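Notes follow the structure.
Computed over heavy atoms, backbone and side chain alike; hydrogens, waters and symmetry mates excluded. Numbers restart at 1 for each chain; the letters A, B, ... are given by sequence-line order, proteins then strands. Here the structure is a predicted model, which means the values were calculated and not measured.
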There are 2 protein chains.
Amino acid sequence: MVVTKDVAGGPARARLREVAELAGVHPSTASRALSGSRAVRPDVAAAVQRAAEKLDYRVDPIGRALRGERTGTVGMVVPDIVNPFFPAVVQAVERALHADGRSLFLCDASNDVRVEAERIEALLDRRVDALIISPVHQYDSAPAVRRAASRVRLVQVDRSCVGVGCDFVGADQAEAMRLLIRHLVDNGRRNLAFVATDDSISTVSERIVAYEQHAPNVRSRRRVFRGDLSVEWGARAVDMILQDPRQTPDALICANDLIALGALKQLRTRGCQVPGNIAVTGFDDTPFGVLSEPELTSVRQPVQQIADEAVRMLGLTRPRSTPMAGRRLVLHPELVVRGSSAAPA
Amino acid sequence: MVVTKDVAGGPARARLREVAELAGVHPSTASRALSGSRAVRPDVAAAVQRAAEKLDYRVDPIGRALRGERTGTVGMVVPDIVNPFFPAVVQAVERALHADGRSLFLCDASNDVRVEAERIEALLDRRVDALIISPVHQYDSAPAVRRAASRVRLVQVDRSCVGVGCDFVGADQAEAMRLLIRHLVDNGRRNLAFVATDDSISTVSERIVAYEQHAPNVRSRRRVFRGDLSVEWGARAVDMILQDPRQTPDALICANDLIALGALKQLRTRGCQVPGNIAVTGFDDTPFGVLSEPELTSVRQPVQQIADEAVRMLGLTRPRSTPMAGRRLVLHPELVVRGSSAAPA
DNA sequence: ATGAAAGCGCTAACAG
DNA sequence: CTGTTAGCGCTTTCAT
């Protein structure tokens with residue numbers, strides 16, 4: 001007689017029942033022995049352990065999830081995986097969770113609030129123990145985030161939604177802007193401009209407010225250009241700005257490194273010296289900022305710290321924490337000065 | 001009397017039982033009406049539909065998964081989410097799946113075969129319907145990939161493992177290398193060097209073979225430098241290469257854009273003209289290649305097509321396909337010529 | 001065409 | 001300390 005392998009699915013994974021059988025105990029005893037939820041006689045526990053190892057048993061998270069228990073997985077939704085800042089955040093979160101023996105399921109919202117809502121629901125359906133989310137839109141993402149927070153532990157990272165009273169970890173955007181402005185002014189810049197985005201992104205919004213408050217003069221304060229977080233927008237913004245030569249600022253604060261790199265390139269194309277004529281700064285300190293010529297001054301967000309604190313806030317070890325706690329943990333950003341903002345000769 | 005909201009979890013999602021109750025039928029009938037697995041009287045079907053909509057019912061994938069049915073989710077494991085090529089692939093796959101109404105759960109292996117194996121297992125445990133994977137290591141990833149392929153539909157994208165007989169979609173790396181070499185030779189380059197990686201990455205391995213076969217002379221063929229897919233390696237490789245001035249090549253083929261950008265920067269730092277003294281080319285045509293000065297010549301992989309074909313190969317609509325089919329779909333890469341490889345003056 | 005019942009894998013509550 | 005029982009939500013037999 002030939003032993004036929006299951007064509008459709010390979011060797012099936014061992015079930016708890018089989019472990020129990022091999023150990024000569026009832027499944028519930030095996031369950032207790034493996035999870036440690038109740039005391040079990042030491043020799044029985046050992047027998048179960050051995051049986052489990054022999055059969056390469058791993059508890060089925062689906063069965064456990066159906067029962068309403070923890071699944072050991074965390075979901076994460078990022079607004080745009082193609083923006084190199086978010087892979088860095090993802091990696092940091094993975095690292096933080098990994099230390100904890102949990103796995104991360106990641107989804108990309110493609111900058112679309114509807115996709116974001118779908119992904120959140122899909123993760124909740126899969127019974128993730130918690131959700132880490134950087135919302136696409138500070139207003140339009142709010143309903144989905146609030147709903148999710150009412151069903152599971154949730155921490156917002158980097159970006160946040162207004163009016164949803166749930167936890168958040170991120171950097172102090174106003175402080176970041178103050179650091180930038182002071183640095184530029186200290187280097188003799190007077191006519192600033194902020195190449196920003198519309199109001200949808202909370203971090204940029206906060207920077208705009210700080211910019212309008214702290215920029216050195218009225219003309220600078222009024223010079224806020226709204227686009228998106230892309231290289232293309234950086235280039236287009238430069239075209240707009242250079243249109244009126246008398247008005248040309250001597251410093252461009254860009255809302256992220258992508259915009260700044262696009263601006264740098266376009267300035268070079270148009271024959272404008274950086275930092276000679278115009279200083280340029282970015283945000284996020286992505287790995288690509290050091291590749292440009294000159295290297296890009298930027299503001300580094302403490303990504304690993306944000307990730308660590310987010311995971312800590314989820315409180316996955318504690319039995320039950322109140323959801324929607326509304327804590328806000330705001331960390332210090334760090335100005336990284338490079339050539340693109342040096343004082344003009 | 002006050003209606004108290006469930007503090008721990010918000011309003012629970014409607015269950016099939018409640019839908020059935022509201023429609024005045026048995027749960028099994030409701031199930032049939034919703035899934036269409038068996039015929040149901042039209043008026044009953046309509047009533048169930050209405051009840052489901054009213055209660056905002058969505059079938060619980062956990063319950064369904066426990067029954068052994070499809071879950072409507074696909075898992076993906078990428079070797080390194082921080083490498084900007086992979087976010088692009090992820091986005092393309094998301095797009096392809098989204099058109100199909102499925103959601104993607106993504107995991108990052110952090111270039112670590114052990115992490116990769118864990119992530120694969122975690123995804124299988126969660127009963128994904130299929131797996132899309134770009135293996136970290138062409139040899140060391142093989143056992144995990146093979147195991148996974150025996151349990152679920154699996155397609156390898158971009159990279160692959162040797163000796164696992166399962167489906168693959170990617171670009172023709174040998175053709176890519178031939179295109180590059182011909183282009184460089186056509187522009188008068190004779191002394192080539194390949195800044196590559198070790199043998200762990202299948203795509204690079206294939207390029208090395210093609211390079212050693214097609215490079216224009218023996219000296220060029222021997223000049224293969226092995227490091228990793230990083231900006232830092234690109235810079236270090238340039239230092240090594242410039243050490244012996246008599247041996248300096250006039251063209252550097254780099255195994256990806258990150259290496260090429262690092263090389264470009266270091267060449268600039270060391271006062272070496274590109275493309276005047278040395279041509280530089282990359283791979284993957286990431287968005288950052290156009291930001292350098294000069295812009296980077298690269299090879300574009302047909303990312304969206306790879307993703308579309310991978311999803312099609314998964315055959316999620318077909319009832320049951322044989323796993324481990326071992327089909328290999330090899331698509332044409334496209335040479336994107338830019339300034340970094342122009343003919344020297 | 002529909003209802004009843006069984007069971008996917010697991011663990012909490014309840015006896016003993 | 002351990003076995004029994006029940007049931008999470010769903011679908012799929014098997015009977016009507």
Backbone of R15(B) reached by a side-chain donor or acceptor of E18(B) within 3.5 Å: yes

Which is more 5' along DNA chain C, the nucleotide nearest G63(B) or the one nearest R32(A)? Just name the residue. G63(B)

Residue pair L16(B)/P27(A) against DNA chain D: nearer the 5' end by closest nucleotide is P27(A)

Starting the side chain at C-beta, find the nucleotide from dA12(C), dG3(D), dC10(D) nearest to E69(A). dA12(C)

Restricting to side chain to side chain contact (heavy atoms under 4.5 Å, CB included), what partner residues turn up for A122(B), sequence neighbours left out? S103(A)

Taking the side chain of S31(B) as heavy atoms from C-beta outward, which of dT11(D), dG9(D), dA12(C) is closest to it? dT11(D)

Could you work out, with side chain to side chain contact (heavy atoms under 4.5 Å, CB included) as the rule, every residue matching S37(A), not counting sequence neighbours? R32(A), S35(A)

If you measure from the Lys or Arg side-chain nitrogens to the Asp or Glu carboxylate oxygens, is any gap between D129(B) and R153(B) under 4.0 Å? no

Ion pair present between E309(B) and R327(B), side-chain N to carboxylate O less than 4.0 angstrom? no

Taking S202(A) for the side chain and R159(A) for the main chain, is one N or O donor matched with an acceptor at less than 3.5 Å? no

V25(A) has a side chain; which of dT2(C), dG3(D), dC10(D) sits nearest to it? dG3(D)

Taking the side chain as everything from C-beta on, heavy atoms only, tell me whether C166(A) gets closer than 4.5 Å to V145(A). yes

I'd like to check the side chain to side chain contact (heavy atoms under 4.5 Å, CB included) partners of V128(B); sequence neighbours left out, ordered by chain and number. T73(B), L123(B), L131(B)

Which whole-number value in Å describes the distance from R64(A) CZ to dC10(C) P? 9 Å

Here the residues of residues 47-59 of chain B within 4.0 Å heavy-atom distance, strictly under, of DNA chain C are none

Rounded to the Å, how far apart are L66(B) CG and dT11(D) P? 12 Å

Taking the side chain as C-beta and beyond, is there a heavy-atom pair between Y139(B) and S200(B) under 4.5 Å? no

For D56(A), salt bridge (charged side-chain N to carboxylate O under 4.0 Å, His left out) partners two or more places apart: none

Any N/O pairs under 3.5 Å between the protein and nucleotides 5-7 of chain D? List them or say none.
from: dG7(D); atom 1: N2; to: R67(A); atom 2: NE; distance (Å): 2.6

Taking only distance into account, with no hydrogens and no angle test, what donor-acceptor pairs under 3.5 Å do side-chain atoms of residues 105-117 of chain B form with protein atoms, sequence neighbours excluded?
from: D108(B); atom 1: OD1; to: I81(B); atom 2: N; distance (Å): 3.1
from: D108(B); atom 1: OD1; to: S110(B); atom 2: N; distance (Å): 3.1
from: D108(B); atom 1: OD2; to: S110(B); atom 2: OG; distance (Å): 3.4
from: N111(B); atom 1: ND2; to: D80(B); atom 2: OD2; distance (Å): 3.4
from: D112(B); atom 1: OD1; to: R114(B); atom 2: N; distance (Å): 2.7
from: D112(B); atom 1: OD1; to: V115(B); atom 2: N; distance (Å): 3.4
from: E116(B); atom 1: OE1; to: S141(B); atom 2: OG; distance (Å): 2.5
from: E116(B); atom 1: OE2; to: V136(B); atom 2: N; distance (Å): 2.9

Specify the separation, in whole Å, of atom CD1 of I62(B) and atom C1' of dG9(C). 12 Å

R126(B)-T71(A) side chain donor-acceptor pair, cut-off 3.5 Å: yes

Value in whole Å for how far the P atom of dG9(D) lies from CZ of R13(B): 12 Å

Residues from residues 17-24 of chain A lying under 4.0 Å of DNA chain D - heavy atoms: none

Where the side chain of Q156(B) meets the backbone of C161(B), is there a donor-acceptor pair that is under 3.5 Å apart? yes

Please work out which residues in residues 33-46 of chain B have a non-hydrogen atom less than 4.0 Å from an atom of DNA chain C and list them by number. A39(B), V40(B), R41(B), V44(B)

All side chain to side chain contact (heavy atoms under 4.5 Å, CB included) counterparts of Q304(A), not counting sequence neighbours: A92(A), R95(A), A96(A), A307(A), D308(A)

Helical bend (five base pairs per end, nearest 10°) for the helix from dA1(C)-dT16(D) to dG16(C)-dC1(D): 50°

Please enumerate all residues that pass side chain to side chain donor-acceptor pair (under 3.5 Å) together with D60(B), with sequence neighbours excluded. R127(A)

Would one find more than 12 heavy atoms of other residues, nucleotides or ligands at under 6.0 Å from atom CZ of R17(B)? no

Report the distance from atom CZ of R70(B) to atom P of dT11(D), rounded to the nearest whole Å. 13 Å

